[in-house]
2 protein chains.
Amino acid sequence: MNMNEIAKIAGVSNATVSRAFRTPEKVRPELKEKIFKIAAENHYVYNASAADLKRRVSNTVGVLFQQRIGAVFSKTFMAIQETLLEKNISVIIGHTQFKPEVESQLLQQFLERQVAGIILSGFTKENKTLIKKFSSQGIPSVIIWEILKGSDFNYVGIDNHNAAFKATEYLIGLGHRRIGLLIGPYQKMERIQNRYDGYKDALTKNKIEIDQSIVISSELGFLQGKEAMHRLLKAADRPSAVFAASDYLAMGALKAIKEAGMKVPKDISLMGLDDAEFAAYCDPPLSTVRGPAREIGKIAAKILLEIKDEPGLPPKQYCLDSDLIIRDSCAPHF
Amino acid sequence: MNMNEIAKIAGVSNATVSRAFRTPEKVRPELKEKIFKIAAENHYVYNASAADLKRRVSNTVGVLFQQRIGAVFSKTFMAIQETLLEKNISVIIGHTQFKPEVESQLLQQFLERQVAGIILSGFTKENKTLIKKFSSQGIPSVIIWEILKGSDFNYVGIDNHNAAFKATEYLIGLGHRRIGLLIGPYQKMERIQNRYDGYKDALTKNKIEIDQSIVISSELGFLQGKEAMHRLLKAADRPSAVFAASDYLAMGALKAIKEAGMKVPKDISLMGLDDAEFAAYCDPPLSTVRGPAREIGKIAAKILLEIKDEPGLPPKQYCLDSDLIIRDSCAPHF
DNA sequence: TTGTATGCGTTATCAT
DNA sequence: ATGATAACGCATACAA
């Protein structure tokens, strides 16, 4: 059952049937109803592949994640999907696990499926050339959770440098001078590199020397946070505070501190970043920095929609505010 | 640039070009290389929509989630995607938030895109008719995280009844006789209903009367767990143990217990279910029941692949083992 | 508002 | 192993 057959039954042309579905306002109401009725009676299913082929672009958007779809990204993803659903756009999703060959394969899929746009959670070096390839094919892209000042990419995110800077300065304001850092794989992702830089700049601004021996980089996970924190605790001249630039690392670190028989924040202050949903339920509740996860997803989707309607505009760039969330994991230090 | 143009340049027919891409073994090696070279030089991009149209099925699989893609499902999802990527199949994903109209719209999208199969995380009443629609269109589906004994659906999951039963019996074995239950929206999802039944059956088997006043149903989330636990703590004749049939609820409950100035497991024992990744990092670490999250995703994807190669076989049904994970949140009761 | 006619780029059938 | 040709089902330019 296809549009031609419906047209035959309805005694109209296939063009009219097509219009009834795609541009219903162009078809006389009674006729439209008749067509819908026949379609329903015959269990007609619209063939999106055929439409995609003809229109040379599919009604889909590709979303690429580097990491786990965890406590933070899942909110962003849900907002993306909900927003696109309003325009009946499907979401093709892929996670790369930082593997360049997986990333290539997924982006190649997006290209071959003629996605109407792509959303990339974060920026890697490999990405840059691939994104250029998309824009050269006329496919718009949006980077999320990251800002790229001075670039001509579309993006919507938070200022990760500033978020880490704020968190670090908060600790400094509490009197801490020796502040450890637990950080993700900053070599791989610009977002994480920016957080690292935010930490360093806050220290430098406050005339605190950076001590690489209390900076630990690892993958993002509870276990990694715990292990890294154990190393930090063994360090000579132990830090009085630790900034974990991801709540996953922070919650892992919290466990390590308890295992060592110490208390947060009495013996050591702990600051997170991201405001993962579990952060408020840790013991003690984790002070952290919150980015507008849903908002980011929503805006990213809207950017794609806007570009679709009106291509060729200047890049759309949103730097959203992140908020310091003070809970109970940090204490003054004298 | 399309296959025809490549064919022209290579001095072969478009059919040969198509074969070079889809069934390379049917093309002479040297010729194949020549075609690939020309394709690369001209930045050719394979058009999946055209192929989908012609083949009457797309190289995509639809995945439907009811709830957040959180601590547990994200593992399953990642395994699905990784497995399908090996066959270069794209994943279209949607979450319904239990809204029937969203569910319908997403499934309609899957239908129109002619997905090669669908994976459904759990079973709702609405689902049943929709899945029949898919199978009537020749589209295979797999239910995950749930088993449907006696049905002719493909499924791969754990026995949720048994998981909850085990958890409850563990508590009973510890000497608890008054055991509260924190449960998700069991009216909406069979999986949750099964957990509820597992709890009840464990009690009944051990001749413990079921007291509805210490059974609280809510949505699945930290906050809901906390609120529900606060209600339980106020109950006359407070339970000595609580089984939270989701680790989200359990972690929320943990917070409520601490807020009330009590200790787990000294004052009250707390049992979770799911083994969300944060469970081991709670304080105290949460005892729970673990299902093989990645395995489920992997098998679900493979089922679809197998059906694709050989349709019309009897339903494939996997009930995987779940494991009781004993950590430190439950104590004996006398 | 509706119809006519054509083509999007691939795959598949049949032939060579 | 390769070629010729005909669909797949829809959207759209143009005509009426």
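For the numbers below, each heavy atom of this structure counts, side chains included, while hydrogens, waters and symmetry mates do not. No experiment lies behind these values; they were computed from the predicted model shown. Labels below follow one simple rule: chain letters A, B, ... track the order of the sequence lines, proteins then strands, and each chain is numbered from 1.
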Self-check item: Span of DNA chain D, from the first to the last nucleotide whose atoms fall under 4.0 Å of chain B heavy atoms
Solution: D:dA1 to D:dG9
Self-check item: Exercise: do A:Ser90 and B:Gln109 side chains pair donor with acceptor under 3.5 Å
Solution: yes
Self-check item: Under 4.0 Å protein heavy-atom contacts per nucleotide of nucleotides 1-9 of chain C, with B for base, S for backbone only and - for none
Solution: SBBBB-BBB
Quiz prompt | Donor on one side chain, acceptor on other, A:Gln105 and A:Glu101, under 3.5 Å | solution = no
Self-check item: Lys/Arg N to Asp/Glu carboxylate O, A:Lys75 vs A:Glu295, below 4.0 Å
Solution: no
Quiz item: So does A:Asp52 pair up with B:Arg113, basic N to acidic O under 4.0 Å?
Solution: yes
Quiz item: Do B:Thr96 and B:Gln66 get their side chains close enough for a donor-acceptor pair, meaning under 3.5 Å?
Solution: yes
Exercise. If the plane angle is over 60° it's perpendicular, under 30° parallel, otherwise tilted; pick one for B:Phe77 and B:Phe65.
Key: perpendicular
Quiz item: Are any of the side-chain nitrogens in B:Glu219 or B:Lys188 under 4.0 Å away from the carboxylate oxygens of its partner?
Solution: yes
